[in-house]
Peer 1: 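First the structure, which I've put down as structure tokens, then a few questions once you've had a look.
All values reported here derive from a predicted model rather than from experimental measurement. All heavy atoms count here, side chains included; hydrogens, waters and symmetry mates do not. A, B, ... follow the sequence lines: proteins, then strands. Residue 1 opens every chain.
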There are 2 protein chains.
Amino acid sequence: MQATIKDIAKKAGVSYATVSRALNGRRGVKDDTRELILEVARNMGYQPNAIARGLVLKHTRTLALVIPDITNPFFPEITRGVEDTASLQGYSVFLCNSHWDAKKEKLYLNTLQEKRVDGIILHTSNNVEEDQYTNFKIPMVLLNKISSVVEYSSVEVDNVRGGFLATKHLIEAGYRKIAFIGGTENSPSNAERKEGYKLALKQHRIPLDERLIMSGSFKSESGYENMKKLIDSGNIPDAVFGGNDVIALGVLHCAQEHGLRVPDDFGIIGFDDIPYASLPQIQLTTIEQPKYQMGRYAVDLLIKALRPEEGGEVKRIILEPKLKARKTTREVPR
Amino acid sequence: MQATIKDIAKKAGVSYATVSRALNGRRGVKDDTRELILEVARNMGYQPNAIARGLVLKHTRTLALVIPDITNPFFPEITRGVEDTASLQGYSVFLCNSHWDAKKEKLYLNTLQEKRVDGIILHTSNNVEEDQYTNFKIPMVLLNKISSVVEYSSVEVDNVRGGFLATKHLIEAGYRKIAFIGGTENSPSNAERKEGYKLALKQHRIPLDERLIMSGSFKSESGYENMKKLIDSGNIPDAVFGGNDVIALGVLHCAQEHGLRVPDDFGIIGFDDIPYASLPQIQLTTIEQPKYQMGRYAVDLLIKALRPEEGGEVKRIILEPKLKARKTTREVPR
DNA sequence: TTGAAAGCGCTAACAA
DNA sequence: TTGTTAGCGCTTTCAA
């Protein structure tokens, strides 16, 4: 059994209130007694019971990160950003994988409330019901936009701008027949990227061809399939903007299989800048999201919201996406 | 403020012990009162306080996973295995990144004890001091071998066998001058893989050339550098067994840069089978570790150890590594 | 500077 | 079947 404050009190011959004061560095304890108590505590290998403390203090110094799937290469860096920052500020973090499943997500949110975490960082699975996050009692910050009425603080990347940047790069590199192969239809991020795509085409007076706009899921196979459809249709684009890197890699694979020469005859750009993308054998041109920073900012926002003076207020941090021109697109002439 | 058991008791006009009984599905509560209580609880949006419960029950239904770095592609799948399994059994899991730093690891282990997690799954950073895990009060299972005297349960892959399999494959594919480019010198896993390498050479009567055995770190750059050294030395191998996939990828990059034709003139095999490895553009031959399963088994082992009847006993689960022959080695004639 | 005591929200032993 | 009560390990108020 672990030593408690009472055990120390007995051994040191003081009341346990004094032990608590000494251990917590509160003032109003004579230096001699403090030293004695600390000494005794050390000898007994005392470790404060955070559960008992949490019960009276009403906070647990615990945060939670709820994401769809840590196995998806987009999330580990965010997770590191979250964990590093939380740890620096004295918080531990629960990791929960929702498996892109709204039911599972809801279940997690519930247990996390029961465990009385101080705050939650959530990257929603899509397909979420409107009332999913209503009457929620714990501070929360979002890592992606949800279309719901509820308003939470969030840190996001400017997806419209990202989509615009991607498409503009393709155009400047001389590609003209540009397709958008996106992820899930009902994902707000996906919709915004598509919007940026349309914006860029318009600005450069390239007519929009609806047959070149596809959607599916945020997976490699979806990119492959959609690219194949495009090829089979005979209406073959000379470049593709993929809804994310994983999709883009699927497209790339399909393009190469069909003998399209990348980047000379066919350009491809992704979104996210997952670690794969920069591998020397891949060198995928993409739009970078500052993933680690997103995790970092989310924690900062959350911890600020924990302080009662600052609570309540909804803040949004919008981060800038950045073009990473690599080898799957032609060089832009200058 | 959240509703408590007392609030429910008051509203339902019963004692709060009865409420506790009803809520926990204990028998000895009249059906009518139970229904009433459940109804009231639902209306008040009651959520049990896991902290208070933990204080009296002396367990928290939480586990912790301590790994070096979730950003390292080897860990996300293990993590999923851990989290999925834990969640299925009603446990939440803390994620801690030690950054390959023994000090930080120790710090984490300490806070985790204070938070009274029920058990810990640990993949140690190397360079760990002998007494790091001694006088430790919480059940723990290890994901890699530590050279220390302390004995913990563990789930490991048979690294000697893995190293043997890798080298044997290279030999059977017709390569003769085979180098081992490993990770950190003091990593037990690394040492075991090297041992398997030597074993295979010996069995096939290929003389050991110590100049072909290199070590460094488990990073891509380390593989690149060591391969470069080999090339510069003039003593160029016709195949390399990399200490892990990331190293192997570095070696591959270097080899390609120097005009070595893979796999015809130069073969390369890794270890781990990280997600990158199977990318169509990479197709790295490697030794697979059952990562997800390792996480799963670790949790099973840990939860078993939590039950007092089964506690104490040290168990080891040794998993079989498997060859994944892909495109960076020649086909084995049959 | 120190101690006594209440109370955080819950479970469980005991009594009724 | 239900209620009373003690106690989990701690912090904090109040009094000494």
Side-chain angles (χ1 to χ4, degrees), chain A residues 1-38 40-41 44-62 90 111-118 137-138, chain B residues 1-38 40-41 44-62 90 111-118 137-138:
Chain A
M1 211 63 263
Q2 294 259 39
T4 75
I5 230 179
K6 286 192 185 175
D7 300 324
I8 298 176
K10 205 175 294 169
K11 214 160 221 162
V14 295
S15 80
Y16 63 90
T18 303
V19 175
S20 170
R21 277 190 280 257
L23 255 24
N24 288 300
R26 215 126 293 167
R27 48 199 198 71
V29 183
K30 214 204 303 174
D31 282 356
D32 294 358
T33 25
R34 158 161 296 135
E35 270 170 41
L36 171 65
I37 289 168
L38 260 29
V40 172
M44 302 182 78
Y46 173 75
Q47 291 185 304
N49 183 327
I51 296 299
R53 179 180 278 168
L55 185 57
V56 9
L57 259 24
K58 290 174 174 324
H59 64 240
T60 50
R61 296 248 157 222
T62 299
T111 28
L112 290 172
Q113 290 201 89
E114 296 192 351
K115 299 218 165 173
R116 300 300 192 258
V117 300
D118 294 338
K137 298 164 188 89
I138 291 178
Chain B
M1 210 66 265
Q2 294 259 40
T4 75
I5 230 178
K6 286 193 185 175
D7 300 323
I8 299 176
K10 204 176 294 170
K11 213 161 224 163
V14 295
S15 79
Y16 64 91
T18 303
V19 175
S20 170
R21 278 190 280 257
L23 255 22
N24 289 300
R26 214 126 296 165
R27 48 201 198 72
V29 182
K30 214 204 303 173
D31 282 355
D32 294 358
T33 27
R34 159 162 295 137
E35 270 170 41
L36 172 65
I37 289 169
L38 260 29
V40 173
M44 301 182 79
Y46 173 75
Q47 291 186 301
N49 184 328
I51 297 297
R53 178 181 278 167
L55 184 58
V56 8
L57 258 24
K58 289 172 175 328
H59 64 240
T60 51
R61 296 246 157 221
T62 97
T111 27
L112 290 172
Q113 289 201 88
E114 296 192 352
K115 299 219 165 174
R116 300 298 193 260
V117 300
D118 294 340
K137 298 165 189 87
I138 291 179

Peer 1: Which one, C:dC8, C:dT11, C:dC10, comes nearest to the side chain of A:Lys58?
Peer 2: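 Looking only at side-chain atoms, A:Lys58 lies closest to C:dC8.
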Peer 1: Is the number of heavy atoms from other residues, nucleotides or ligands within 6.0 Å of NZ (A:Lys137) greater than 12?
Peer 2: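 Atom NZ in A:Lys137 is packed in, count exceeds 12.
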Peer 1: Starting at atom CZ of A:Arg53, determine the distance to atom P of C:dC8, rounded to an integer number of angstrom.
Peer 2: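 Rounded to the whole Å, the gap is 19 Å.
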Peer 1: Can you name the nearest heavy-atom pair linking A:Ile5 to A:Tyr46, along with the distance?
Peer 2: N-CE1, 3.9 Å
Peer 1: Without swapping roles, check the side chain of A:Arg116 against the backbone of A:Leu55 for a donor-acceptor pair under 3.5 Å.
Peer 2: no
Peer 1: Where do A:Asn24 and A:Arg53 land on the side chain to side chain contact (heavy atoms under 4.5 Å, CB included) test, with the steps shown first?
Peer 2: CA-CA 11 Å; A:Asn24 288 300; A:Arg53 179 180 278 168; 3.0 Å; yes
Peer 1: Quick check: closest heavy atoms across A:Ala12 and A:Val40, and the distance to 0.1 Å?
Peer 2: CB-CG2, 4.2 Å
Peer 1: Name the nucleic acid region contacted by A:Arg27, choosing base, sugar-phosphate or nothing; use a 4.0 angstrom heavy-atom cut-off, strictly under.
Peer 2: nothing
Peer 1: Give the rounded distance in Å between these two atoms: CG of A:Leu57 and P of C:dA6.
Peer 2: 21 Å
Peer 1: Rounded to the nearest Å, what distance is computed from the CD1 atom of residue B:Ile5 to the P atom of nucleotide C:dG7?
Peer 2: 18 Å
Peer 1: On a heavy-atom basis, which atom in A:Ala22 and which in A:Val29 lie closest, and how many Å separate them?
Peer 2: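 The answer is N-CG2, 4.2 Å.
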Peer 1: What nucleic acid atoms does B:Arg34 come within less than 4.0 Å of, heavy atoms only: base, sugar-phosphate, or nothing?
Peer 2: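 Nothing, no nucleic acid heavy atom in range.
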Peer 1: Phosphate oxygens OP1/OP2 of C:dC8: is one of them under 4.0 Å from a side-chain N or O of B:Thr4?
Peer 2: no
Peer 1: Quick one: closest heavy-atom pair of B:Ile51 and B:Asn49, and the distance?
Peer 2: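 Of all heavy-atom pairs spanning B:Ile51 and B:Asn49, the closest is N-OD1, 2.8 Å.
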Peer 1: Once you apply a heavy-atom cut-off of 4.0 Å, does A:Leu55 come out as touching a base, just sugar-phosphate, or nothing?
Peer 2: base
Peer 1: Donor-acceptor pair, A:Arg34 side chain versus A:Gly28 backbone, under 3.5 Å?
Peer 2: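 Here the side-chain-to-backbone pair does not exist.
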Peer 1: Starting at atom CG of A:Asp31, determine the distance to atom C1' of C:dT2, rounded to an integer number of angstrom.
Peer 2: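 The distance from CG of A:Asp31 to C1' of C:dT2 comes to 15 Å, rounded to the nearest Å.
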Peer 1: Map B:Gly28 and B:Arg116 onto DNA chain D by nearest heavy atom, then report which one ends up closer to the 5' terminus.
Peer 2: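 Per heavy-atom nearest nucleotide, the more 5' residue is B:Gly28.
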Peer 1: OP1 or OP2 of C:dT11 versus the side-chain N and O atoms of B:Asn24: is any pair under 4.0 Å?
Peer 2: yes
Peer 1: What is the distance, to the nearest angstrom, from the CG atom on A:Leu36 to the C1' atom on C:dT1?
Peer 2: 14 Å
Peer 1: Taking the side chain of A:Val56 as its heavy atoms from C-beta onward, which of C:dA12, C:dC8, C:dT2 lies nearest to it?
Peer 2: C:dC8
Peer 1: Name the first nucleotide and the last nucleotide along DNA chain D (5' to 3') that come under 4.0 Å of a heavy atom in chain B.
Peer 2: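 From 5' to 3', the first and last contacting nucleotides are D:dT1 to D:dG9.
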Peer 1: Over how many whole Å does the gap from A:Ile51 atom CD1 to C:dC8 atom C1' extend?
Peer 2: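 Distance, rounded to whole Å: 13 Å.
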Peer 1: Counting only side-chain heavy atoms from C-beta out, which of C:dT2, C:dA12, C:dC10 sits nearest to A:Val29?
Peer 2: C:dT2
Peer 1: So if I take residues 12-21 of chain B and measure heavy-atom distances to DNA chain D, which residues fall below 4.0 Å?
Peer 2: B:Val14, B:Ser15, B:Tyr16, B:Ala17, B:Thr18, B:Arg21
Peer 1: Could you tell me which non-hydrogen atom of B:Thr62 sits nearest to which non-hydrogen atom of B:Val117, and how far apart they are?
Peer 2: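 Minimum heavy-atom separation between B:Thr62 and B:Val117: OG1-CG1, 3.4 Å.
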Peer 1: Write down the atom of A:Thr60, the atom of A:Lys115, and the distance for their closest heavy-atom approach.
Peer 2: CG2-O, 4.1 Å
Peer 1: Compare side-chain N and O positions of B:Arg26 against OP1 and OP2 of C:dA12 and report whether any pair is under 4.0 Å apart.
Peer 2: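 Yes, within the criterion.
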Peer 1: Rounding to an integer number of Å, can you tell me how far A:Lys10 NZ sits from C:dG3 P?
Peer 2: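 After rounding, the reported distance stands at 15 Å.
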